[in-house]
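The figures here come from the full heavy-atom set of this structure, side chains too, leaving out hydrogens, waters and symmetry mates.
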Amino acid sequence: MIELYPLQLQPGDDASNWVFYTHALRHLPIQYHQSTVLPIPLHLAKALEEYLFEA
């Protein structure tokens with residue numbers, strides 16, 4: 001299980017909205033039929049690390 005916490009909430013922010021948006025980012029990749037484990041920005045960053053540091 002992976003949990004993501006929005007740590008920089010500002011006064012007036014609704015945490016449930018940010019949780020919804022973060023979860024929705026898991027469903028964006030068009031190349032997969034299923035959701036990714038991580039939100040798409042983190043998923044892409046992790047994949048980039050694999051491509052850059054594996055020879």
Return yes if some donor-acceptor pair links the side-chain N/O of Asp14 with the main-chain N/O of Ser16 below 3.5 Å, else return no.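 A pair under 3.5 Å: yes.
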Sequence-distant partners of Asn17, side chain to side chain donor-acceptor pair (under 3.5 Å), two or more places apart: none
Distance in Å, Trp18 CH2 paired with Leu9 CG, rounded so as to fall on 0.5 Å steps: 8.5 Å
Let me confirm one number: the NE2-CD distance from His27 to Gln34, rounded to the nearest 0.5 Å. 11.5 Å
